Structure formats: structure tokens, C-alpha cells
Amino acid sequence: MAVVAMKEYESLTKETVISLAIELSLFSSEAPLVCEEIGDGNLNYVFRVTDGSGEKGIIIKQALPYAKVIGESWPLTLKRAKIEASALQKHGEYAVGLVPKVYATDESLAITIMEDLSHLEIVREGLIKGKSYPKLSTDIGEYLALTLFNTSDFALHPFEKKSLVVEFSNPELCKITEDLIFTDPFFDHETNDFEPALQAEVEAIWNNNLLKLEVAKLKRSFLTEAEALLHGDLHTGSIFASEAETKVIDPEFAFYGPIGFDIGLFLGNLIVQSFTRQDDQRDAIHTHIQNTWNTFCAKFSECWKKGESDLYKSIEGYEAFVLEKIFHDSVGFAGCELIRRTIGLAHVKDLDSIENHEQRILTKKQTLKAGERLILSRHEINSIDAVIELLGEIQ
Ligand code: SR1
Ligand code: MG
């Protein structure tokens with residue numbers, strides 16, 4: 001994609017976004033273009049341009065040279081825009097229809113121009129309102145199996161896989177995850193952010209050496225196991241959905257890591273949502289948790305049976321070993337996500353929007369307890385139904 005007017009990076013504004021859309025002939029020349037900034041994430045600007053009639057729209061997403069949530073004091077690589085666009089394209093090859101179409105990218109402006117999904121809703125927002133999105137877990141289970149299996153050594157020639165590991169090297173964004181998910185919440189670190197009423201629970205976490213040992217092992221997996229091209233930040237705010245459709249967005253944290261990480265992050269966010277609901281309202285979320293894992297396994301097994309890239313795939317017991325390892329990793333990563341979303345830097349609206357103080361603190365104590373138990377007993381938890389049972393035991 002050629003960009004004539006702006007060759008060097010500059011922050012886009014609504015006006016320059018419209019000029020860019022005209023310059024790139026993305027709309028007919030007479031269309032009265034309208035632009036709005038719709039980004040509510042932690043890192044980027046997201047602009048939506050429509051043709052005035054509202055019939056045609058595009059999204060122009062621009063990475064800022066710093067983390068928007070913190071400001072210019074936290075510089076951040078612009079390369080993440082390229083990683084995000086390439087990951088959308090690579091994942092889209094396998095999980096057809098489950099990611100937005102990328103129309104164009106420009107590395108110097110750090111922008112990605114893609115399909116407008118504003119007819120859909122961010123899943124976190126919908127779940128908070130009590131929606132349940134019937135297709136969500138089947139679509140995400142399939143997305144996880146198709147993207148993770150097909151970018152792994154189980155599917156790719158070793159040369160191709162290793163060249164993708166290099167292409168998706170993403171050290172700065174990985175460092176955010178290493179700090180914010182695996183390290184800071186487990187130590188008395190300045191990035192942590194928690195309510196005073198949780199002080200005793202938080203100190204108990206900081207002083208729990210057994211827990212910290214298990215988190216150290218999970219962090220080590222994240223640092224060293226280049227199994228598949230991960231989304232890298234698959235929380236419910238990274239998914240758009242309706243009753244009929246699901247689209248996974250925002251893979252700027254993509255890199256080669258352990259397969260269980262994406263699964264664990266998604267499950268962890270569903271678990272947080274489950275604790276915010278009362279009684280029977282939790283069932284829909286528990287069904288999604290079970291169905292995500294069961295769909296992932298079924299699709300992963302289907303992929304496993306196809307192709308002959310690895311002769312060991314036909315060895316009795318190997319597939320079961322791989323799935324068991326992925327399951328235990330996923331449970332542990334889910335536990336880390338629960339803890340960091342409760343006391344770390346990046347909170348979630350599911351918890352913070354609970355208006356009643358007592359109820360909010362009780363729910364946060366539950367997510368902390370569940371997180372600890374999932375991390376500590378992940379090797380003894382042998383089925384997704386046992387995860388649901390464990391959640392029922394947390395008071
Ligand atoms: C400074 S970035 C904070 C969080 O937002 C992203 O979505 C990731 O989850 C990251 O940990
Ligand atoms: Mg994001």
C-alpha cells in the first residue's frame with residue numbers, strides 16, 4: 001500500500017484519517033466521509049470511517065509510540081502494528097471467517113486498515129449486560145484449535161515454523177505480559193493496583209512461596225516454549241460477537257509461545273465473568289467454559305489425524321500426552337489471569353463495575369482464591385468439569 005502524503009510516522013487525527021481514506025481511494029470520491037475515534041483499549045487509536053450513509057465503513061487502527069493507558073512515559077514499539085496485521089492474516093488463513101479482513105497496512109504509519117465490525121459488540125461488554133452469545137465457545141474453541149495446531153510443529157515444515165518464530169519475535173509486548181501477568185502481581189510492585197480492603201489477601205499472595213514457585217514455572221513456559229503462533233492477549237475484550245458471528249481482534253501481542261496461554265487467558269476471563277453472576281446466571285458461562293475446551297480438543301484431534309508432518313503423531317498415547325499438557329498449562333495460565341485482573345495494573349470492567357462495595361470485594365476475593373487454586377492444583381485437575389466443580393467450591 002503506497003501512502004503519498006505522510007511518509008514518516010505521525011499521530012493520526014480524525015481529519016488526517018479522512019485525508020488518508022480519500023488518498024487511498026477507499027471510498028468513492030463524492031462520499032461525505034465521517035470519522036470517529038472508537039478505541040477503548042490500553043494501547044492504540046482506533047478510527048472508524050463511514051461514507052455518510054453508514055453503509056460502508058472501515059477501521060483504521062494506529063499504534064502509538066507509547067502505551068495509551070499510561071502515557072508517553074511508557075514507550076512502546078510501533079512494530080506491533082505489523083505483528084498484529086501479519087497475525088490477523090496468518091490466523092485468518094486457518095480460522096476462516098473468525099478474524100477481521102485486513103485491507104491494507106502501512107509500517108511507517110503503524111496502521112492497519114481492516115473490516116468494520118461495528119455491527120458486532122465487544123464480548124466483555126455484552127457479557128456484563130447478561131448476554132450469553134450462543135456461538136461464542138464453539139467459535140473460540142475452533143479458532144484456538146485451528147490457529148494453534150496449524151502454526152505448530154504438528155502441522156508445519158520445521159523450516160517454515162522456525163521462520164515464523166523469527167517473523168513474530170515480539171519482545172516488548174511479551175515483556176508487558178511477563179511483568180503484568182507473571183511477575184508484578186505476585187510481588188509488592190508499583191504497577192499493582194488493588195482496593196485497600198484486599199490488602200490481607202494480596203499480602204498472603206506475596207508471601208505464598210509455593211504459589212510463587214508454580215507461577216515461576218508457568219512464566220518459564222511462557223518465556224521458553226515456542227509451540228505455536230499465539231494471539232497473545234485473548235481476553236473477552238479482544239472478541240467481537242453477535243448471536244450469529246464471532247471475530248477475534250487485536251493480536252498485537254502475537255508471538256510463538258505455549259499453546260495453553262491463549263486458552264487459559266480466554267477461560268480466565270470467562271471465570272472472572274462467572275464470579276460476577278448470581279446462581280443460575282452462571283450456568284451459561286460454565287457451559288461456555290466446558291464447550292471451549294471440548295471444542296478445542298475435538299478440533300485439535302481432527303487436525304492431528306490429518307497430514308503426516310510428524311511420524312510420532314501416530315504413536316499411541318502421544319496425542320493424549322500433548323492435550324493433557326495443554327490442559328494443565330491452560331488451567332495455570334487462567335489462574336494467573338484471574339489474579340492479575342484483580343490486583344495488577346490492567347483491571348477488567350466485569351469486576352470494577354460492580355457498584356456495591358461489599359459485593360465487589362467479595363467477588364474479588366473469590367477471583368483471587370480461584371486463581372490461587374487453579375495455579376496450585378492444576379496438575380490434579382484432570383477435566384474441564386473438575387474446573388467447574390472447583391469454581392462451585394469457592395465461597
Ligand atoms: C499496558 S497494556 C495492559 C494490558 O492491556 C493489554 O490488553 C494486555 O492485556 C496488557 O496486559
Ligand atoms: Mg488489545
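Just so you know, ligand 1 is whichever comes first in the structure, and atom 1 is the first atom listed for that ligand. From a predicted model like this one, the values you see are computed outputs, not experimental measurements. Along the sequence shown, the residues carry numbers beginning at 1.
Note that K56 lies in the cation-pi zone of F27, set by a 6.0 Å cut-off to the ring centre and a 45° limit from the axis. F275 does not carry K369 over the face of its six-membered ring by the limits of under 6.0 Å from the centre and within 45° of the normal.
For atom 1 (C) of ligand 1, the closest non-hydrogen atom on the protein side is V69 CG1, 3.7 Å. Shortest contact from atom 9 (O) of ligand 1 to any protein heavy atom: D233 OD1, 2.7 Å. In this structure, atom 3 (C) of ligand 1 lies nearest to the protein heavy atom N42 ND2, 3.5 Å. Protein heavy atom nearest atom 2 (S) of ligand 1, with residue, atom name and distance: L43 CD2, 3.8 Å.
Comparing R340, E337, H347 against atom 11 (O) of ligand 1, the shortest heavy-atom distance belongs to R340.
Contact annotation for I70 and ligand 1: no heavy atom of the residue comes within less than 4.0 Å of the ligand.
The closest approach between a heavy atom of R341 and any atom of ligand 1 is below 4.0 Å. The shortest heavy-atom distance from T177 to ligand 1 is not under 4.0 Å.
Between K161 and D153, at least one side-chain nitrogen of the basic residue sits less than 4.0 Å from a carboxylate oxygen of the acidic one, meeting the salt-bridge criterion.
For ligand 1 and H235, the ligand atoms under 4.0 Å from any heavy atom of the residue are 7 (O). Close contacts of ligand 1 with A346, meaning ligand atoms under 4.0 Å from a residue heavy atom, involve 3 (C), 4 (C).
The salt bridge (charged side-chain N to carboxylate O under 4.0 Å, His left out) test with R80 singles out one residue from E172, E107, E252, and that residue is E252.
Annotation: E355, atom CD; neighbour count of heavy atoms from other residues, nucleotides and ligands within 6.0 Å does not exceed 12.
Ring pair F149/F296: centre-to-centre distance not below 6.0 Å. Between H157 and F159, the ring centre distance stays below 6.0 Å.
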